[in-house]
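Data block below; observations after.
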Amino acid sequence: MIQRDYLIIGGGIGGGSVCEGIRQHDKKGSVTLVGGETFHPYKRWMLSKHFLRDKIPPSKKLPCMDERWYDTQKIEVRLGTVVTQFNIDRRLAVLGNGETIEFKKACLAMGSRPVRPQVAGFGLGNVIYLRTIRDALALREMSQSEKMIVVVGGGLLACEAAASLRQSKVKVAMMHRHPGLLNRYLDPETSAWVTEQFAKQGVTLLLDSSLNGFEGKTVLRNIQTKSGERVPAGVAVVACGSEPNLDIVRNTPLSGPHGSPVSDYLETEEKGIYAVGDLAFYPDRLLGGMRRQTHWENAREQGLVAGANITGKKRQRYEQIPYFWTEMFDLRLDFVGDFNVAPARVQLSGAYARSRFVLRYYQGEKLRGIVLCHHSANDVEAAKTELRQALGK
Ligand SMILES: Cc1cc2nc3c(=O)[nH]c(=O)nc-3n(C[C@H](O)[C@H](O)[C@H](O)COP(=O)(O)OP(=O)(O)OC[C@H]3O[C@@H](n4cnc5c(N)ncnc54)[C@H](O)[C@@H]3O)c2cc1C
């Protein structure tokens with residue numbers, strides 16, 4: 001049986017960062033990183049942006065760091081391998097190939113997967129759920145010969161994919177059940193402005209339209225809306241949210257309805273077992289309440305904190321203002337704070353017409369979120385400081 005001091009499950013940015021955090025504090029402990037994909041941790045966020053548009057090969061620009069780092073740090077990386085069973089009491093993990101790893105401490109970093117709407121034809125060929133390099137390569141390939149691609153959804157991923165495909169000169173339609181794009185994050189006026197930008201770029205908008213099903217024998221032919229409309233499409237990109245990959249810990253305290261519950265230190269209720277990134281349901285010490293984020297910087301920072309804590313040589317709380325960004329056409333939006341609740345009041349500085357503005361979202365008198373359009377990294381840092389100060393932290 002293989003024995004390890006640390007077992008990291010999931011080879012995304014969260015898992016990769018846990019390895020970095022460990023090696024900052026423990027140079028010798030034995031570490032194994034098990035990842036279901038065949039790539040070392042890579043910049044997943046690029047898949048809907050440059051990677052889709054610019055047709056760059058996977059080895060270029062995508063890796064988070066030089067693969068040799070893992071060798072020099074004596075971190076064993078098992079790619080294309082999944083953990084199929086995780087025994088908390090015996091501290092054992094069984095891999096897809098039948099091997100067993102006995103570990104002292106572990107970190108769950110299995111991330112999330114796209115939600116597959118339970119409608120007819122959701123598994124047809126040419127219905128793409130964009131999550132991995134393989135999905136993006138398939139979409140790239142299909143987009144070269146396809147006349148019309150329908151993107152289902154109106155959130156961040158849907159907007160990014162639609163914009164990149166449109167920039168690659170493909171005809172694109174977006175089907176969204178709400179009248180405005182990015183409505184989950186933006187106030188109605190700004191959402192309407194973003195929607196207008198998409199229309200100006202030639203994206204056909206099927207708004208207020210709910211998905212009823214995908215039609216076709218083996219590959220997609222039409223998409224059906226609940227109101228009975230049939231939209232011809234050879235490819236659909238479905239971006240209707242994500243759910244945490246918690247199958248291996250289902251029905252244990254490591255899995256809850258909102259993710260894997262962890263403490264301020266990102267430790268689960270099982271001592272020595274941590275959880276980070278898209279699947280961690282953590283206490284937000286700055287904005288209050290419990291939160292699960294599915295954004296890059298959160299997974300990166302949580303990985304570093306959990307990596308340090310798991311060694312037992314550090315005891316650090318995770319205390320970051322939530323942050324994410326998005327890029328679509330020539331728009332760059334940065335989101336600082338909490339966007340789960342619609343703002344009661346919005347303060348706009350700047351102008352939509354110049355595509356350069358800042359929005360401050362308030363709940364009562366309390367500042368809860370800041371959106372920056374076309375601002376610098378320094379401005380984003382200043383917004384984080386402003387929000388911290390407003391929260392009195
Ligand atoms: C196309 C796209 C664009 C995005 N753009 C942005 C953006 O612009 N800004 C932003 O802030 N965020 C963005 N995100 C979100 C961001 O990429 C995620 O929040 C981040 O990747 C989460 O990291 P993670 O390590 O928690 O999980 P993941 O990146 O999902 O990695 C988890 C890994 O674990 C593996 N795994 C799962 N189960 C097992 C198992 N049982 N055994 C072994 N391995 C397993 C998976 O195969 C996967 O490789 C984007 C996401 C996507 C899909």
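Each ligand, and each atom within it, is numbered from 1 in the order the structure gives.
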query: What do you think, any protein heavy atom under 4.0 angstrom from atom 14 (N) of ligand 1?
result: no

message: Tell me if a side-chain donor or acceptor on T81 pairs with a main-chain N or O of L79 at a distance below 3.5 Å.
response: yes

- prompt: Atom CE in M328, atom OG in S48: separation rounded to 0.5 Å?
  reply: 8.5 Å

message: Within ligand 1, which atoms have a heavy atom of V34 less than 4.0 Å away?
response: 43 (C), 44 (N)

- prompt: Which atoms of ligand 1 are found less than 4.0 Å from any heavy atom of S112?
  reply: 30 (O)

query: Can you list the atoms of ligand 1 that are under 4.0 Å from a heavy atom of G277?
result: 26 (O)

message: Quick check with a 6.0 Å cut-off and a 45 degree axis cone: is R368 positioned over the face of Y362's six-membered ring?
response: no

- request: Would you check if the side chain of S17 reaches a backbone N or O of I13 as a donor-acceptor pair within less than 3.5 Å?
  value: yes

- prompt: Does a sphere of radius 6.0 Å around CZ in R221 hold more than 12 heavy atoms from other residues, nucleotides or ligands, not counting ones at 6.0 Å or beyond?
  reply: no

message: Among all the protein's non-hydrogen atoms, which is closest to atom 4 (C) of ligand 1, and how far away is it?
response: W45 CA, 3.5 Å

- prompt: Considering only protein heavy atoms, which is closest to atom 12 (N) of ligand 1, and at what distance to one decimal place?
  reply: W296 N, 3.2 Å

Sub-4.0 Å heavy-atom approach of E160 to ligand 1: yes

task: Using a strict cut-off of 4.0 Å, indicate which atoms of ligand 1 neighbour a heavy atom of G12.
output: 25 (O), 31 (O), 33 (C)

statement: Short version for R113: what comes under 4.0 Å of ligand 1, heavy atoms counted, is neither

- prompt: Quick one: which ligand 1 atoms are inside 4.0 Å of a heavy atom on K49?
  reply: 5 (N), 6 (C), 7 (C), 8 (O)

- prompt: Sub-3.5 Å donor-acceptor pair from the side chain of K393 to the main-chain atoms of R388, do we have one?
  reply: no

query: Any idea which atoms of ligand 1 are less than 4.0 Å away from a heavy-atom of G11?
result: 33 (C), 34 (O)

query: Can the ring centres of W45 and F324 be said to be less than 6.0 Å apart?
result: no

field: Lys/Arg-Asp/Glu bridge criterion (N-O < 4.0 Å) met for R113, D278
entry: no

message: Please list the nearest protein heavy atom to atom 3 (C) of ligand 1 with its residue and the distance rounded to 0.1 Å.
response: S48 OG, 3.3 Å

- line: In this structure, atom 34 (O) of ligand 1 is nearest to the protein heavy atom G10 CA, 3.2 Å

message: For ligand 1, which is the ligand I care about here, please tell me if L130 has any N or O atom under 3.5 Å from one of the ligand's N or O atoms.
response: no

field: Flag, side chain of D26 to backbone of R23, donor-acceptor distance under 3.5 Å
entry: no

statement: Min over L79, L279, D278, L333 of heavy-atom distance to atom 18 (C) of ligand 1 lands on D278

- line: Nearest non-hydrogen protein atom to atom 9 (N) of ligand 1, with distance, is W325 O, 3.2 Å

- prompt: Hey, what do you get for CD (Q347) to CD1 (I370), rounding to the nearest 0.5 Å?
  reply: 9.5 Å

- prompt: What pair of heavy atoms forms the shortest contact from R68 to D66, and how long is it?
  reply: NH2-OD2, 2.5 Å

- prompt: Quick one: which of A299, A239, G111 has a heavy atom closest to atom 27 (O) of ligand 1?
  reply: G111

message: Please list, in number order, the atoms of ligand 1 under 4.0 Å from a heavy atom of G36.
response: 43 (C), 44 (N), 45 (C)

task: Starting from the C-alpha separation in whole Å, work towards a yes-or-no answer on ring-ring contact (aromatic ring centres under 6.0 Å, His included) for Y282 and Y318.
output: CA-CA 9 Å; Y282 70 93; Y318 181 69; 5.3 Å; yes

Location of contacts on A161 toward ligand 1, heavy atoms closer than 4.0 Å: neither

- prompt: What residue and atom, counting heavy atoms only, is the protein's closest point to atom 37 (C) of ligand 1, and at what distance?
  reply: M110 O, 3.3 Å

message: Can you tell me if K314 has over 12 outside heavy atoms packed within less than 6.0 Å of its NZ?
response: no

statement: heavy-atom search around atom 40 (C) of ligand 1 in the protein gives V83 N, 3.8 Å

- request: Could you tell me the residue and atom name of the protein heavy atom closest to atom 52 (C) of ligand 1, and the distance to it rounded to 0.1 Å?
  value: R44 CG, 4.1 Å

message: Closer than 4.0 Å to some heavy atom of G35 - which atoms of ligand 1 meet that?
response: 44 (N)

task: Decide whether V305 and L33 are clustered together by the hydrophobic rule: side chain heavy atoms of Ile, Leu, Val, Met, Phe, Trp, Tyr closer than 4.5 Å, transitively.
output: yes

message: Please work out, at 4.0 Å between heavy atoms, whether the side chain, the backbone, both, or neither of T81 comes within that distance of ligand 1.
response: backbone

query: Taking heavy atoms and a distance under 4.0 Å, where does I13 meet ligand 1: side chain, backbone, both or neither?
result: both

- prompt: Between D5 and S30, is any side-chain donor less than 3.5 angstrom from a side-chain acceptor?
  reply: yes

statement: Counting heavy atoms under 4.0 Å, the part of L157 that contacts ligand 1 is side chain

- request: Would you tell me which option among R131, Q302, E37 has the nearest heavy-atom contact to atom 46 (C) of ligand 1?
  value: E37

message: Strictly distance-based, threshold 3.5 Å: is any side-chain N or O of H25 a donor or acceptor partner for the main-chain N or O of N309?
response: no

- prompt: Less than 3.5 Å between some nitrogen or oxygen of Y323 and one of ligand 1, yes or no?
  reply: no

